[in-house]
Amino acid sequence: MLHYVMSNRPRGNANVTKNIEPQYFAKVVVTSIQVALLVACGGGGASTPLTTYTVSGMVSGLSGAGLALQNDGGPGLAVFAPGPFIFPASLGSGAAYSVVVATQPSVPSQNCVVTNGSGTVGNANVTNVAVICTTVPFTALANQPPEPGYLSLLLTNGSVMMQSISDAGVFYNLTPDSQGNYINGTWRRLSSSPAGYAPADGAQAVLADGRVLFVGGEYNQNNYSLPFAPSGLTNMSAVYDPVADSWTMIGAPPGVNYIGDSPSAVLPDGSFVFGTKLGRTMWRLDPVNLSWTSLPAPGKADDFAEEGWTLLPDGELFSIDVGDPRHAEHYDSLAALWYSDGNTPDGLTSPSSAPGGLSYGPAPIQVVGGVSYGPGPAGTYIPPGEVGPAILLPDGTVFATGAAANGMAAHTVIYTPGPTPAASGSFRAGPDFGAGDDVADASAALLPSGHVLIAADSGKFYEYDGAKMSVTGALPINGGTTQYFVLPLPNGQALVTGGLTSIYSGNGSANPAWAPTITNAPATVTRGSTYVIAGMKLNGLSQAAAFGDELNAATNYPLVRITNTASGHIIYARTHDHSSMGVATGTTIVSTSFDVPAAAETGASLLAVVANGITSTPVSTTVN
């Protein structure tokens with residue numbers, strides 16, 4: 001990303017509960033007795049009992065909770081699931097009926113519309129009332145953060161770490177409520193990064209031990225000038241410990257004077273790797289001792305500048321080249337070799353925004369958090385262009401999106417990896433974005449349904465469902481000053497930051513085959529203690545979040561959710577020391593450790609693993 005568009009930055013009836021009022025029931029009984037007495041005594045002559053009819057229909061599309069229907073101002077009728085409904089009160093022929101939605105469902109928020117809902121009862125039951133519910137994509141958080149944010153990361157205790165838009169050294173934490181919902185979640189401020197390191201548009205990762213890594217930064221110290229200020233393209237790095245709420249600075253890789261916004265990923269073994277923005281060298285960070293080692297990268301077709309990496313099931317890294325338009329390649333992390341995948345059917349990169357180059361440096365000598373950095377020589381960086389996010393889908397293919405020149409259509413492609421690490425993959429063209437829309441350095445997230453959610457620069461939100469791509473909603477961009485970031489959440493929704501902080505609720509549900517499976521879990525746990533849980537697919541099937549070359553927010557690690565059986569209250573246990581950071585691990589047994597929170601409610605509970613917003617079948621446990 002070369003400029004900001006954000007503030008302060010250059011860029012059956014079993015489904016129905018019948019709410020019958022006691023007084024109504026009493027009236028029905030009394031009336032029936034009176035009629036019986038009149039008939040027995042000969043009263044009323046030849047009169048016959050009044051024939052009454054019911055009003056009923058069908059609810060479709062319901063996925064939220066709290067839907068209540070009402071007929072002609074009568075008692076509310078609660079509906080909990082899609083299917084038939086019937087009002088308990090009967091009406092006589094000629095009576096008017098008018099069915100309305102008394103309460104719209106929430107979590108997710110939905111808008112339910114009644115058709116065939118009003119009329120006059122004839123000489124038959126009314127059965128054709130239809131209630132159709134559709135999901136309202138955006139719901140603003142009831143508790144907004146102290147200030148707007150953008151980059152968001154899912155921590156392993158189910159909370160969210162969000163970076164401020166106005167100050168890159170300021171971070172906030174969002175914790176869900178006791179129902180596991182983020183709309184009513186609470187915020188607190190976290191400790192700031194060390195003075196001198198306020199990274200923007202760098203590489204980030206949640207590590208296997210639960211700490212959060214920040215590497216480099218296209219901009220630093222809240223200076224977003226172009227050409228770059230001496231603080232730009234910084235080679236500083238730091239790790240944040242959520243338990244201690246503290247930061248530790250990390251020295252630069254030997255001889256690397258600039259890192260900036262470099263492509264990066266966490267490999268299945270838990271190590272962090274990045275490719276240098278200004279060249280073709282790769283570096284690996286040992287997450288235990290926080291030391292750097294150089295990685296071989298033979299076969300790379302172009303510099304790493306502006307490209308993004310997508311982690312594949314076998315540990316390979318897939319990339320669309322920006323410096324070599326239309327060319328794509330992948331890195332075999334075991335063989336330490338890059339292999340060509342040939343050309344994409346459509347171009348996915350935009351032309352350079354500064355073909356004459358941008359100056360950077362010289363980086364000064366600085367001591368930040370007790371670590372020395374600099375000096376770095378001045379130079380000129382020629383940006384090759386931009387590319388959109390690429391996300392691994394549940395079927396093992398990659399949905400890659402493109403940037404575009406102004407007025408041109410932004411394309412997409414679907415990549416199928418080759419049968420072996422050394423084999424080239426194949427491509428087919430995907431759907432285009434709307435005319436004039438662009439997703440250069442845009443945020444994308446994989447929803448539990450398998451749809452990809454993309455926040456375009458125009459403020460439009462697209463969902464790709466594996467065949468077509470549709471606009472599902474839009475948010476204001478305030479004259480081009482607001483851009484949105486999306487983060488998949490463990491409850492199946494997505495957090496939307498950048499402007500008014502909101503929740504996005506998509507349609508559809510996960511294929512049960514995609515869910516994690518628990519094979520071993522403790523039957524009893526004690527608050528404040530640590531346990532191991534094991535199973536299959538605990539990491540999910542994808543990193544589930546992408547942006548391009550920066551702002552990485554992958555969620556391919558297991559979360560542990562504890563639900564108290566009596567209260568229904570939900571709490572997340574902090575997970576750490578995952579045995580794998582891979583994706584789509586199949587039938588391989590993987591594990592993680594989890595700390596039972598001191599605040600967890602005691603008693604019978606359900607234990608579940610959540611990955612990429614998809615929840616396993618829970619197992620029973622007792623919390624002591």
Side-chain angles (χ1 to χ4, degrees), residues 263-268 273 275 280 282 295-304 306-349 384-403 410-432 439 444 446 450-452 454 464-467 469 514 539-549 552 554 556 581-586:
S264 65
V266 175
L267 296 178
V273 295
R280 303 185 188 186
M282 294 176 64
L295 282 181
K300 188 68 178 75
D302 66 339
D303 291 351
F304 289 112
E306 306 299 336
E307 70 184 36
W309 292 348
T310 304
L311 182 64
L312 302 181
D314 55 6
E316 299 171 41
L317 300 172
F318 170 72
S319 177
I320 300 289
D321 290 345
V322 181
D324 186 5
R326 293 189 62 179
H327 184 257
E329 51 192 329
H330 65 273
Y331 181 70
D332 181 353
S333 59
L334 296 179
L337 290 170
W338 283 92
Y339 295 100
S340 173
D341 284 303
N343 289 346
T344 60
D346 292 305
L348 300 181
T349 62
E386 301 286 357
V387 71
I391 285 188
L392 179 68
L393 302 179
D395 64 2
T397 63
V398 175
F399 178 63
T401 65
H411 306 297
T412 69
V413 300
I414 293 86
Y415 167 75
T416 301
T420 65
S424 297
S426 60
F427 296 95
R428 59 183 173 89
D432 288 347
V439 292
L446 182 68
H451 297 184
V452 178
I454 311 106
Y464 171 69
D465 65 3
M469 189 164 57
W514 301 342
N539 290 53
L541 303 182
S542 171
Q543 292 169 299
F547 191 91
D549 58 330
N552 317 93
N556 56 304
M581 288 294 286
V583 294
T585 52

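Remember, predicted model here, so these are calculated numbers, not experimental data.
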Novice: Is there side-chain contact between Asn552 and Ser264, with at least one heavy-atom pair below 4.5 Å?
Specialist: yes
Novice: Of Thr401, Val413, Val322, Val439, which meets side-chain contact (heavy atoms from CB on, under 4.5 Å) against Leu348?
Specialist: Val413
Novice: Under the side-chain contact (heavy atoms from CB on, under 4.5 Å) test, which residues partner Thr416, sequence neighbours left out?
Specialist: Thr397, Ser426
Novice: Test of understanding: with side-chain contact (heavy atoms from CB on, under 4.5 Å), list the residues that count as partners of Ala403, not counting sequence neighbours.
Specialist: Ser350, Glu386, Asp438, Ala440
Novice: Checking the side chain of Arg326 only, and the main-chain atoms of Pro345 only, is there a donor and an acceptor separated by less than 3.5 Å?
Specialist: yes
Novice: Is Leu393 close to Leu446 at the side-chain level, that is, under 4.5 Å between some pair of heavy atoms?
Specialist: yes
Novice: Taking all atoms of both residues into account, what is the closest heavy-atom pair of Ala546 and Ala390, and its distance?
Specialist: CB-O, 3.4 Å
Novice: With sequence neighbours left out, what residues match His451 under side chain to side chain donor-acceptor pair (under 3.5 Å)?
Specialist: Glu463
Novice: So which atom in Pro263 and which in Gly308 form the shortest heavy-atom distance, rounded to 0.1 Å?
Specialist: CB-CA, 4.4 Å
Novice: Apply ring pair (Phe, Tyr, Trp, His ring centres under 6.0 Å) to Phe399 and list each qualifying residue two or more places apart in sequence or on a separate chain.
Specialist: Tyr464
Novice: Taking the side chain as C-beta and beyond, is there a heavy-atom pair between Val398 and Ile414 under 4.5 Å?
Specialist: no
Novice: I want to check something: taking the side chain as every heavy atom from C-beta on, are Arg280 and Trp338 in contact at a cut-off of under 4.5 Å?
Specialist: no
Novice: Rounded to the nearest 0.5 Å, what separation is found between the CD1 atom of Ile320 and the NE2 atom of His330?
Specialist: 12.5 Å
Novice: Working to the nearest 0.5 angstrom, can you tell me the gap between Asn343 CG and Phe427 CZ?
Specialist: 8.5 Å
Novice: Residues in side-chain contact (heavy atoms from CB on, under 4.5 Å) with Pro325, at least two apart?
Specialist: Thr349
Novice: Ring-plane angle category for Trp309 and Phe304, please: parallel below 30°, perpendicular beyond 60°, tilted otherwise.
Specialist: perpendicular
Novice: With Asp465, which residues qualify under side chain to side chain donor-acceptor pair (under 3.5 Å), at least two apart?
Specialist: Lys468
Novice: Excluding sequence neighbours, so at least two apart, what forms side-chain contact (heavy atoms from CB on, under 4.5 Å) with Asp321?
Specialist: Lys300, Ala301, Asp302, Glu307, Ser319, Asp324, His327, Glu329
Novice: Measure the CD1-CE distance between Ile454 and Met469 for me, rounded to the nearest 0.5 Å.
Specialist: 6.0 Å
Novice: What's the spacing between Leu267 CG and Leu311 CG if we round to 0.5 Å?
Specialist: 7.0 Å
Novice: Please enumerate all residues that pass side chain to side chain donor-acceptor pair (under 3.5 Å) together with Ser333, with sequence neighbours excluded.
Specialist: none
Novice: With Asp314, which residues qualify under side chain to side chain donor-acceptor pair (under 3.5 Å), at least two apart?
Specialist: none
Novice: For the residue pair Leu392 and Leu312, establish whether any side-chain heavy-atom pair is separated by less than 4.5 Å.
Specialist: yes
Novice: Distance-only, no hydrogens or angles: does the Asn556 side chain make a donor-acceptor pair with backbone N or O of Met581 under 3.5 Å?
Specialist: yes
Novice: Mind checking whether Tyr339 and Glu316 have side chains closer than 4.5 Å, heavy atoms only?
Specialist: no
Novice: Are the side chains of Gln543 and Thr310 in touch, meaning some heavy atoms are under 4.5 Å apart?
Specialist: yes
Novice: Taking salt bridge (charged side-chain N to carboxylate O under 4.0 Å, His left out) as the cut-off, I'd like each qualifying pair that reaches into residues 331-347, sequence neighbours left out, listed once.
Specialist: none
